[in-house]
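The structure under discussion appears below in the form of structure tokens.
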Amino acid sequence: MNETKGPTALLRRIRAWLVLFIVCLVLSGLTAFPLVTELRLTEAALTSWAAPVADLFPGLLEWIQRVRDGLDAADAQYPFVLYGTDWLAFAHLVIAVAFYGPYRDPVRNIWVIEFGMIACAGIIPLALICGPIRGIPFWWSVIDMSFGVFGVIPLLVVHRMIKRLEALEALEALTPTASRTSPA
């Protein structure tokens, strides 16, 4: 079989997509640890060198300042509240580890990809329900929902490639090879 279309090449492409997805999950998780510092840096950037962004989106700067004020208060008076975001970060890292299963054996562990697609879909109702309850501006909920939309894209690509790999492996198992057909 042609190496550019065969199982080995397909497996390499699957693994490349999975590495990208795992890296994004890890980065997303790691950014949940230093929230107070990140918000201070974001506010400083928006009020200084990114003034045109703040002019174009005045609600953005107000929202960042409000969130930073809330995080500063929580950090100063109730730091245990931020422990919840530490668990959020940890959950991202644990979920990233789960995608090592499909990296090792994509066909056998396709369920992890399907789990990830379900989780991406679940982001949308969560943002639409919990966002308004928590006083999150709708435009911020749209940003949150975009993580599900953009997250599902590589998973859909990988899912399709895994199904193709499964078919190729089944076909190879049925196709007689030279060693199977050679006379004894």
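Scope of the values below: all heavy atoms of this structure, side chains included, with no hydrogens, waters or symmetry mates. Starting from 1, each residue takes its place in the sequence as its number.
Under the 4.5 Å side-chain heavy-atom criterion for ILVMFWY residues, a single connected hydrophobic cluster contains both Ile22 and Leu93. In terms of hydrophobic clustering, with Ile, Leu, Val, Met, Phe, Trp and Tyr side chains grouped at heavy-atom distances under 4.5 Å, Val149 and Phe138 are assigned to a common cluster. Cluster membership for Ile14 and Val19, using ILVMFWY side-chain heavy atoms within less than 4.5 angstrom, is shared. Cluster annotation: Tyr83 is not connected to Val81 through the hydrophobic network of ILVMFWY side chains, with a link wherever side-chain heavy atoms come within less than 4.5 Å. Transitive grouping of hydrophobic side chains (ILVMFWY, heavy atoms separated by less than 4.5 Å) keeps Val97 and Phe99 in distinct clusters.
In this structure, Asp75 contributes its side chain and Leu71 its backbone to no donor-acceptor pair below 3.5 Å. Remark: the backbone N or O of Leu25 is not paired with any side-chain donor or acceptor of Ser28 at under 3.5 angstrom.
Taking the six-membered ring where tryptophan is involved, the planes of Trp63 and Trp140 are tilted, since the angle between them lies from 30° to 60°. Between Tyr103 and Tyr100, the angle of the ring planes stays under 30°, which puts this pair in the parallel group of the 30/60° scheme.
Ala127 and Ser141 make their closest contact through O-OG, 3.6 Å (heavy atoms, listed as atom of the first residue, atom of the second, distance). Taking every heavy atom of both residues into account, Ala32 and Leu35 meet most closely at O-CG, 3.4 Å. Smallest separation of non-hydrogen atoms from Glu172 and Pro7: OE2-CG, 3.4 Å. Considering every non-hydrogen atom in both Gly59 and Trp139, the closest pair reads O-CZ2, 3.8 Å. When all heavy atoms of Arg104 and Arg15 are compared, the pair lying nearest together is O-NH2, 3.3 Å. Contact record, Val112 with Ala98: CG1-O, 3.7 Å, taken as the closest heavy-atom pair.
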**OP:** Take Asp86 and Phe33 through the side chain to side chain contact (heavy atoms under 4.5 Å, CB included) test and state the conclusion after the steps.
**Re:** CA-CA 6 Å; Asp86 296 337; Phe33 285 116; 3.5 Å; yes
**OP:** Take Leu155 and Trp17 through the test side chain to side chain contact (heavy atoms under 4.5 Å, CB included) and record every step on the way to the result.
**Re:** CA-CA 8 Å; Leu155 295 178; Trp17 277 99; over 6 Å; no
Original post:
Does the side chain to side chain contact (heavy atoms under 4.5 Å, CB included) test come out yes or no for Gln65 and Leu61, once each step is laid out?
Top reply: CA-CA 6 Å; Gln65 289 171 332; Leu61 180 58; 3.9 Å; yes
Subject >> Worked check of side chain to side chain contact (heavy atoms under 4.5 Å, CB included) between Val107 and Glu169 >> reply: CA-CA 9 Å; Val107 173; Glu169 288 176 350; 3.6 Å; yes
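For the pair Leu11 and Pro106, the minimum side-chain heavy-atom distance is below 4.5 Å. A 4.5 Å side-chain heavy-atom check between His92 and Val26 finds every atom pair outside the cut-off. Side-chain contact check for Leu128 versus Met145: some heavy-atom pair is nearer than 4.5 Å. Side chains of Arg13 and Arg164 form a contact here, defined as non-hydrogen atoms less than 4.5 Å apart. Counting heavy atoms from C-beta on, the side chains of Asp72 and Arg40 come closer than 4.5 Å. Side-chain atoms of Leu10 and Ile162, non-hydrogen and from C-beta on, never get closer than 4.5 Å to each other.
Atom CZ of Phe115 is surrounded by 12 or fewer heavy atoms from other residues, nucleotides or ligands within 6.0 Å.
Here the OG1 atom belonging to Thr47 is positioned 11.5 Å from the CD1 atom belonging to Ile64, to the nearest 0.5 angstrom. Between the CG atom in Asp105 and the CD1 atom in Ile110 there is a gap of 11.0 Å [rounded to 0.5 Å]. The distance from atom CD of Glu43 to atom CG of Leu60, rounded to the nearest 0.5 Å, is 11.0 Å.
Using a cutoff of 4.0 Å between basic side-chain nitrogens and carboxylate oxygens, Lys163 and Glu166 are scored as salt-bridged.
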